[in-house]
Novice: 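Below: one structure in structure tokens.
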Amino acid sequence: CLVQIPLEKGKRARVVLEEQGLWEEYRQKYPYNPMAKFDGSFA
Amino acid sequence: VGPESMTNDACLSYYGVISIGTPPQSFKVIFDTGSSNLWVPSIYCNSAACNNHAKFDPRGSSTYRQNGRPLSITYGTGSMTGILGYDTVTLFSILASSFCLSQTEAPFMQNMQADGIFGLAYPSLSLSSATPVFDNMMNGGLINLNLFSVYLSSNNQRGSAVTFGGVDTNHYSGSITWIPLSKELYCQITVDSVSGNGQAVACNDGCQAIVDTGTSMIVGPQSDIDNINAWLGASSQNGEYIVNCSNIGQMPDVTFNINGNQFTLPASAYVYQVQYSSCITGFGATGGNMWTLGDVFLKQYYSIYKRGQNMLGLAKA
């Protein structure tokens, strides 16, 4: 009754975008707004 | 339209594999203690975000039942829409009959390695009163204890794990500190203060923090985050706080004082390298007064979510 799910540490989306030269464009288009996850008034 | 918002965090990196349906269809998901629903892309979605990921095909599952109720989750920069469905979720070797939302469109997910999000927060946060998978596991007697724990390996690519129904003593050292939750919606706790070199540098009068595996950084109110980063000697640039990578060895520890206990982060934990060999601190600002203790914190501290008693356990990872 103990279930363990191994987690992989994958490449961050940021790193992928940086490698493609798209990070600056992405962050301007989709600025990170961490509070929006918890409070819709911040979305 | 649902009340729940979700992340668009481009720095999330830990994911696990689950299966949905019969025969099983595999998905990489982020285990997120900051939300309660299970989302995966489906064949009904043809956006670039979905096309980059595995898609659930309900026609290929004999156990799928469609609820059909449309749902939408808003996040910082857009929304993810879908329909509610029911199917069997396979976690490693255990089956948990549960719900999944089988249509999605979220541009920020295009470049994420994970296909979907596996919410682990309280049922009251779940859209349409859908029972979260973990609660289904508990209700079905599939695990003994009403808790799960998360270990995020700092250095290695492998070794990280989510454990349902117990704790893994191989993943921590010393004793577990138990902290009562201040609100049972997320894993929300009271932080007494944040200090460095014995002096308070933020959260001087106490503050509320959500412990969230679905957030990569430590996030806090603008003024507090400005204070910490100024104290660390970081310079602000486009909303990020830049430090010299070669100075990590000389940078001070930052300590979170919680329920009379100290949880210390060395610079090697809160600084990480980004593009062009520059480094940023893992302390980011947000609106409002709430803090979020994300992966930067959780890589240092094994976390145990004791849902039955509304307690959080932390131990040195």
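Note on naming: letters A, B, ... go to the chains in the order of the sequence lines (proteins, then strands), and numbering restarts at 1 for each one.
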Novice: Can a donor-acceptor pair be found, under 3.5 Å and without considering hydrogens, that links the side chain of K9(A) to the backbone of G159(B)?
Specialist: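 Between the backbone of G159(B) and the side chain of K9(A) there is no qualifying donor-acceptor contact (under 3.5 Å).
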
Novice: Please look at V219(B) and chain A and tell me whether the side chain, the backbone, both or neither of the residue comes under 4.5 angstrom of a heavy atom of that chain.
Specialist: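 For V219(B), side-chain heavy atoms alone lie under 4.5 Å from chain A.
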
Novice: Measuring heavy-atom distances to chain A, does F31(B) have an atom under 4.5 Å in its side chain, in its backbone, in both, or in neither?
Specialist: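 The side chain, not the backbone.
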
Novice: Do you know which two heavy atoms are closest between L2(A) and V167(B), and how far apart they sit?
Specialist: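 So the minimum-distance heavy-atom pair works out to CD1-N, 4.4 Å.
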
Novice: Could you go through L7(A) and V162(B), starting from their C-alpha distance and side-chain angles, then the distance that decides it, and tell me whether this counts as side-chain contact (heavy atoms from CB on, under 4.5 Å)?
Specialist: CA-CA 7 Å; L7(A) 300 180; V162(B) 178; 3.7 Å; yes

Novice: Given the rule in the side-chain contact (heavy atoms from CB on, under 4.5 Å) test, do V17(B) and E8(A) qualify, once you have shown the distances and angles that lead to the verdict?
Specialist: CA-CA 9 Å; V17(B) 177; E8(A) 294 287 328; 5.9 Å; no

Novice: Determine the option with the most heavy-atom pairs under 4.5 angstrom with chain A, choosing from L152(B), N238(B), V150(B).
Specialist: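 Ranked by contacts with chain A, first place is N238(B).
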
Novice: Mind checking what makes salt bridge (Lys or Arg N to Asp or Glu O under 4.0 Å) contact with R14(A), not counting sequence neighbours?
Specialist: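 Listed in chain order: E18(A), E240(B).
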
Novice: Have a look at P34(A) and tell me which of D9(B), I210(B), T286(B) forms a side chain to side chain contact (heavy atoms under 4.5 Å, CB included) with it.
Specialist: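 For P34(A), the side chain to side chain contact (heavy atoms under 4.5 Å, CB included) test succeeds with only one of D9(B), I210(B), T286(B), which is T286(B).
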
Novice: Under 4.5 Å from any heavy atom of chain A, what part of L185(B) do you find: side chain, backbone, both or neither?
Specialist: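 Neither part.
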
Novice: Can you tell me which portion of D212(B) sits under 4.5 Å from chain A's heavy atoms? Options are side chain, backbone, both or neither.
Specialist: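 The answer is the side chain of D212(B).
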
Novice: List the residues meeting salt bridge (Lys or Arg N to Asp or Glu O under 4.0 Å) with D135(B), not counting sequence neighbours, and say none if there are none.
Specialist: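 By the salt bridge (Lys or Arg N to Asp or Glu O under 4.0 Å) rule, D135(B) matches R307(B).
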
Novice: To the nearest 0.5 Å, what is the distance between CD on Q113(B) and CZ on R12(A)?
Specialist: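 Q113(B) atom CD to R12(A) atom CZ measures 11.5 Å (nearest 0.5 Å).
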
Novice: Quick check for you: to the nearest 0.5 Å, what is the distance between T215(B) atom OG1 and F38(A) atom CZ?
Specialist: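 Spacing of OG1 (T215(B)) from CZ (F38(A)) equals 4.5 Å.
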
Novice: Measure the CD-CG distance between Q4(A) and D168(B) for me, rounded to the nearest 0.5 Å.
Specialist: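 Interatomic distance, Q4(A) CD to D168(B) CG, rounded to 0.5 Å: 4.5 Å.
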
Novice: Does any heavy atom of chain B fall under 4.5 Å from the side chain of Q28(A), the backbone, both, or neither of them?
Specialist: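 Neither; nothing under 4.5 Å.
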
Novice: I need the W291(B) CH2 to M35(A) CE distance, nearest 0.5 Å.
Specialist: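 Answer for the CH2-CE pair, W291(B) versus M35(A), is 13.0 Å.
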
Novice: Please state whether the side chain, the backbone, both or neither of F118(B) comes within less than 4.5 Å of a heavy atom of chain A.
Specialist: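 For F118(B), there is no contact with chain A at all, as no heavy atom is under 4.5 Å.
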
Novice: Would a 4.5 Å heavy-atom cut-off, applied to side chains only, mark V274(B) and W23(A) as touching?
Specialist: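 A side-chain contact under 4.5 Å is absent here.
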
Novice: Mind listing the closest non-hydrogen atom pair of F164(B) and I5(A) along with its distance?
Specialist: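 It is CE1-CG1, 3.7 Å.
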
